[in-house]
Protein chains: 2
Amino acid sequence: MVDECLARRVLLLTRTISGVYNEALRPLGLTVAQLNLLVIVAKRGPVSPGEVAKRLNMEKSTMSRNVRLMEDHGWLSVSPGQSGRAQVLTIESKGRKLIEKALPLWQGAQERAKALLGERGARSIHTIADTVGKQLQHE
Amino acid sequence: MVDECLARRVLLLTRTISGVYNEALRPLGLTVAQLNLLVIVAKRGPVSPGEVAKRLNMEKSTMSRNVRLMEDHGWLSVSPGQSGRAQVLTIESKGRKLIEKALPLWQGAQERAKALLGERGARSIHTIADTVGKQLQHE
DNA sequence: CGCATTGAGTTGCATGTACAACTTATGCCC
DNA sequence: GGGCATAAGTTGTACATGCAACTCAATGCG
């Protein structure tokens, strides 16, 4: 049972792979989770937290707290949205600069991660995550 | 950048897949991480925490806390090992019974996870985790 | 023998994560 | 208009996780 468990395997992968990135980013006081969030906000312009959370299949409460941290750092700003308690996230210049600085570190980590997974493995992860991502959208 | 990031993808996979298992196991007040630990202890007989942590590529401190929780539940026992502050973990009958009860729930989750990943995807995850696991042993 | 090193666990602190329950604002239906 | 349902965030609580620093025991070396 234990050997086949898919959860055990993805947990192992996450511990290993995200460790590689976090180690690389540590000098910036930044984690991969935060970097990804930041890049999404930078790319997709003003977005609502809920939208990002849905795309990442992340709990809204988790999103809320992650956003809070990054706002405290001044990397992004939270402003009231159109209606109700809607919010929009916008990247700040401090956040853009951080992404610039993170890029080379990220690249190094990406190389190391690829080496760990193997070229085939890395491609598989891409495919699989896409598959899962698409299914989540159709819910 | 963000789209290629392997860490982002494995994080997404973990959130999604482990969620499936945790939802299934919730009636037992058990998480997948705990179940995996419990099964390892059950299978590999008296083992040291450090050994299990190494196999799972998990920080010893994380292991320490996870063990503590499960000991509190009476699922396993911790006894002093041969020397120094070495410890050995042993499954308790309460733990064995819990595994029995968890089995059918786990199977359901495994099916759902396979459906999400696709048959090919599930196999790939197996292969990749094996590859990574072996590389960790050779360190 | 005495001290430095190493090994195994633990603890302080911080992040990432989820579920449940709560707060507010909108919108809808009668 | 008055409730009722829904949508978006927040907060309480708990687990999973890692790093740094610490405790203690064993070991080795001069």
Side-chain angles (χ1 to χ4, degrees), chain A residues 7-8 10-38 47-54 56-73 75 78-89, chain B residues 7-8 10-38 47-54 56-73 75 78-89:
Chain A
R8 175 179 161 188
V10 294
L11 285 167
L12 169 67
L13 283 177
T14 295
R15 278 190 298 262
T16 308
I17 300 298
S18 69
V20 169
Y21 290 81
N22 283 329
E23 189 182 341
L25 297 172
R26 193 159 312 131
L28 298 180
L30 182 70
T31 65
V32 233
Q34 293 169 351
L35 179 58
N36 278 318
L37 221 65
L38 197 56
V47 246
S48 73
E51 205 173 326
V52 179
K54 211 166 284 174
L56 295 176
N57 197 32
M58 181 184 285
E59 243 294 270
K60 57 186 179 171
S61 61
T62 302
M63 188 68 194
S64 176
R65 282 180 244 257
N66 290 352
V67 163
R68 177 67 190 279
L69 266 179
M70 305 184 68
E71 189 190 11
D72 289 348
H73 278 108
W75 299 335
V78 183
S79 26
Q82 297 294 345
S83 74
R85 36 187 51 209
Q87 299 175 338
V88 284
L89 308 177
Chain B
R8 175 179 161 188
V10 295
L11 285 167
L12 169 67
L13 283 177
T14 295
R15 277 191 297 264
T16 309
I17 300 299
S18 70
V20 168
Y21 289 80
N22 283 329
E23 189 184 341
L25 295 172
R26 192 158 314 130
L28 299 180
L30 182 69
T31 65
V32 231
Q34 293 169 352
L35 179 58
N36 277 318
L37 220 65
L38 197 56
V47 240
S48 74
E51 206 174 325
V52 179
K54 212 166 284 174
L56 294 176
N57 197 31
M58 181 185 284
E59 243 293 272
K60 57 186 179 170
S61 61
T62 303
M63 187 68 194
S64 175
R65 282 180 243 258
N66 290 352
V67 162
R68 176 68 192 278
L69 267 178
M70 305 183 68
E71 189 189 11
D72 288 347
H73 277 108
W75 298 335
V78 182
S79 26
Q82 297 295 342
S83 74
R85 35 187 55 208
Q87 298 176 340
V88 284
L89 309 177

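A, B, ... follow the sequence lines: proteins, then strands. Residue 1 opens every chain.
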| note | Here the distance between atom P of C:dA14 and atom CG of A:Leu30, to the nearest Å, is 17 Å
| message | Tell me whether the side-chain N/O atoms of A:Gln34 come closer than 4.0 Å to OP1 or OP2 in C:dG16. | response | yes
| field | Toward the 5' end of DNA chain D, by each residue's nearest nucleotide, A:Gly19 or B:Val32 | value | B:Val32
| Rounded to the Å, how far apart are B:Gln82 CD and D:dT27 P? | 12 Å
| request: Looking only at non-hydrogen atoms, find the nearest pair between B:Pro49 and B:Met63 and report the distance. | output: O-CG, 3.6 Å
Pairwise N/O distances under 3.5 Å, protein to nucleotides 8-10 of chain D:
residue, atom, partner, partner atom, Å
D:dG9, OP1, A:Gln87, N, 3.3
D:dG9, OP2, A:Gly50, N, 3.1
D:dG9, O3', A:Gln87, NE2, 3.1
D:dG9, N7, A:Lys60, NZ, 3.2
D:dG9, O6, A:Lys60, NZ, 2.9
D:dT10, OP1, A:Gln87, NE2, 3.1
D:dT10, OP2, A:Ser64, OG, 2.5

| query | A:Asp72 CG to C:dG16 P: how many Å, rounded? | reply | 12 Å
| query | If you look at every strand shown and take non-hydrogen atoms under 4.0 Å, does B:Asn22 touch a base, only sugar-phosphate, or nothing? | reply | nothing
| message | If you compare every side-chain N and O of A:Asn66 against the phosphate oxygens of C:dT15 (OP1, OP2), does one of them come in below 4.0 Å? | response | no
| query | Are side-chain heavy atoms of B:Asn66 and B:Met58 found at a separation under 4.5 Å? | reply | yes
| Rounded interatomic separation in angstrom, taking CG from A:Leu25 and C1' from C:dG16 | 15 Å
| note | Atom CG of A:Leu56 and atom C1' of C:dA18 are separated, to the nearest Å, by 15 Å
| remark: Minimal heavy-atom distance between B:Ala7 and A:Val32, with the atoms involved, is CB-CG1, 3.5 Å
| From CA spacing to verdict: side chain to side chain contact (heavy atoms under 4.5 Å, CB included), A:Arg15, A:Leu11 | CA-CA 6 Å; A:Arg15 278 190 298 262; A:Leu11 285 167; 4.1 Å; yes
| note | In whole angstroms, the gap separating C1' of C:dG16 from CG of A:Leu11 amounts to 13 Å
| query | For DNA chain C, whose closest nucleotide is more 5', that of A:Thr62 or that of A:Gly84? | reply | A:Thr62
| said: If you only use heavy atoms from C-beta on, which nucleotide in C:dT15, D:dT17, C:dT17 is closest to the side chain of A:Ala33? | reply: C:dT17
| request: Can you measure from CG (B:Leu38) to NE2 (B:His73) and round to the nearest 0.5 angstrom? | output: 11.5 Å
| task | I would like to know whether A:Met70 and A:Leu89 meet side chain to side chain contact (heavy atoms under 4.5 Å, CB included); could you show each step before the answer? | result | CA-CA 11 Å; A:Met70 305 184 68; A:Leu89 308 177; over 6 Å; no
| request: Verify side chain to side chain contact (heavy atoms under 4.5 Å, CB included) between A:Leu30 and A:Trp75, making sure each step is shown before the conclusion. | output: CA-CA 11 Å; A:Leu30 182 70; A:Trp75 299 335; 3.6 Å; yes
| query | Taking CZ from A:Arg68 and C1' from C:dG16, how many angstroms apart are they, rounded to a whole number? | reply | 16 Å
| request: Round to the nearest Å and state the distance from B:Asn57 atom CG to D:dA16 atom P. | output: 17 Å
